[in-house]
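Hydrogens, waters and symmetry mates are skipped; everything else that's a heavy atom, side chains included, is used. The chains referred to below are lettered A, B, ... by the order of the sequence lines, with proteins before strands, and numbering in each begins at 1.
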Protein chains: 2
Amino acid sequence: MSLYVKVKPPFREAAEELERAFRTRSFVLVIGTCKVDYEGRASSTLDLGERLVIIKQDGSVLVHRPVGYEPVNWQPPKCMLKVNFEDSDSLTVTAARLEPRETVSMEFRDIAVMATCNLKDAGEFALHVTEAQMKEAILAVPELVEQGLRPLQEEKSLGEAGFTDIYAEDSAGNLVVVEIKRNPATKGSLTQLKRYIDTIRKRTDRPIRGIVVAPDLRKSAQPLLHKLQLEYVMLPPERCLVVLKGRKETKLSEFLS
Amino acid sequence: MSLYVKVKPPFREAAEELERAFRTRSFVLVIGTCKVDYEGRASSTLDLGERLVIIKQDGSVLVHRPVGYEPVNWQPPKCMLKVNFEDSDSLTVTAARLEPRETVSMEFRDIAVMATCNLKDAGEFALHVTEAQMKEAILAVPELVEQGLRPLQEEKSLGEAGFTDIYAEDSAGNLVVVEIKRNPATKGSLTQLKRYIDTIRKRTDRPIRGIVVAPDLRKSAQPLLHKLQLEYVMLPPERCLVVLKGRKETKLSEFLS
DNA sequence: CCTTTCAGTTAGTTA
DNA sequence: TAACTAAGTGAAAGG
């Protein structure tokens, strides 16, 4: 990893290093005192203060204050970068993008530390227990929802009404529409499921049940659950993990046998 | 600004400095090779790679890859931090929070640079041309929407139907409900306005017009505009700025005279 | 404190 | 490319 680190670089040196970094698409960190202006979809001003500025290898820009999760100002990837160093008491970096036309400019009055480098990161990122994985788990072990449930097809196209998550039959022969939510089910989840069911009812006379499967049900959605005659089954993500893990191990053992 | 910067600190030194930084609620930067695990609402794994880790003075944590606007892993403010340095070939930082119970742990295999400091940032942040400011501009200069428009009251309470943005009368004596959107108006904006109007219609026999004021109208919303018998007036944020600026200058001149 | 809505949302997926 | 939808959404506003 190429690396440049300098405490209190003079503006002239900082400007040259920034030019070099932008040219070579390097990762840039600046801790310093600056004010920031943004002009675009909205516009904002940020008075002088000490912040961390990050300019990434894809041209995205982040201005972070000492607290808070979100950047106070930013620019998405692929924006054009320019350094401006004229008078000796300030150095300005401008990040512009078209579509939409937006500009963030950072005027530094002082630079405490500056670092540039080329980060190499090919590590794979995996987010587990997505809605798709919950579905996978349920299809593998339908008992997660109900004893005797038999999935019919993964997603039944319902035209403009959208898609169901799982379409199944219960032990009594009723049709069952299962709506999966990774987050606590809301009123929206219920009305969505209700729409699915109404659409299906027009095509068949078989009795239909609607089940919302989620780790939780918002209290505000509870009255609607009864009003729409739907059912709710609690399914914590951990249980899905167990099933998916078990399935993988099963697959492995099958492979080994 | 107190400042510690070290290139390639040994893990032992890094661990001590991290302990000190966490204790004193300092701002921490680490550029290094790490893998990251997250466990909470969902769970994720991130294999080894070079990243920037930020730990802020309020206990928020950000793990940034060399590209992309968003952090690949994070932790919101106020989480508990712990350093773990046992074997000599890795150093682990764990950030945990309750409610919801979530944990991010970063295992460093190599630290290229580490910096800690105390950032002081009292600079005021101001986001201009919000929806409220568009409203302010329209109330000051109703012609921005239509010649002869006379605002009646800022927000008319409509019970559960929500709030209108501006309630007015046009030159022909019709009631006018103005819905302001800072962003391009969507189908949702139109149905929302329609709900307002339907609610008002139950209380009066006067003819009512509905106008959506926004910088743009989504193409997908156009058919609905006609179907719901609503009107659309384009209002770019710049024009609001001009009005607000003018108003401020007027105020100033009033003050000076 | 809980719920709802908004965001300079961003990011991914699909028509 | 444009429109739609989800997010470990986060953050603010309202009840």
**OP:** Kindly write out the residues that satisfy side chain to side chain donor-acceptor pair (under 3.5 Å) with B/D58, not counting sequence neighbours, or none if the list is empty.
**Re:** B/S60
Subject >> Partners meeting side chain to side chain donor-acceptor pair (under 3.5 Å) with B/E102 (sequence neighbours left out) >> reply: B/Y38, B/R41, B/R97
Subject >> Contacts of type side chain to side chain contact (heavy atoms under 4.5 Å, CB included), residue B/T116, not counting sequence neighbours >> reply: B/Y4, B/E17, B/R20, B/A21, B/V28, B/M114
Subject >> Under the salt bridge (charged side-chain N to carboxylate O under 4.0 Å, His left out) test, residues paired with A/D198 that sit two or more places apart >> reply: A/K194
**OP:** Specify the residues of residues 68-77 of chain B, ordered by number, for which at least one heavy atom lies under 4.0 angstrom from an atom of DNA chain D.
**Re:** B/N73, B/W74, B/Q75, B/P76
**OP:** Can you tell me which stems DNA chain C forms, taking runs of 3 or more consecutive Watson-Crick or G-U pairs with both distances under 3.5 Å?
**Re:** C:1-7 with D:9-15, C:9-15 with D:1-7
Subject >> B/S44: side chain to side chain donor-acceptor pair (under 3.5 Å) partners, not counting sequence neighbours >> reply: B/N73
**OP:** Tell me, please, which residues at least two apart from B/R182 pass salt bridge (charged side-chain N to carboxylate O under 4.0 Å, His left out).
**Re:** none
Subject >> Selection: residues 30-48 of chain A, any non-hydrogen atom under 4.0 Å of DNA chain D >> reply: none
Subject >> For B/R109, side chain to side chain contact (heavy atoms under 4.5 Å, CB included) partners two or more places apart >> reply: B/K35, B/L48, B/S90, B/E107
**OP:** Tell me, please, which residues at least two apart from B/A126 pass side chain to side chain contact (heavy atoms under 4.5 Å, CB included).
**Re:** A/T45, B/H128
Original post:
For A/E70, what residues pass the side chain to side chain donor-acceptor pair (under 3.5 Å) criterion, not counting sequence neighbours?
Top reply: none
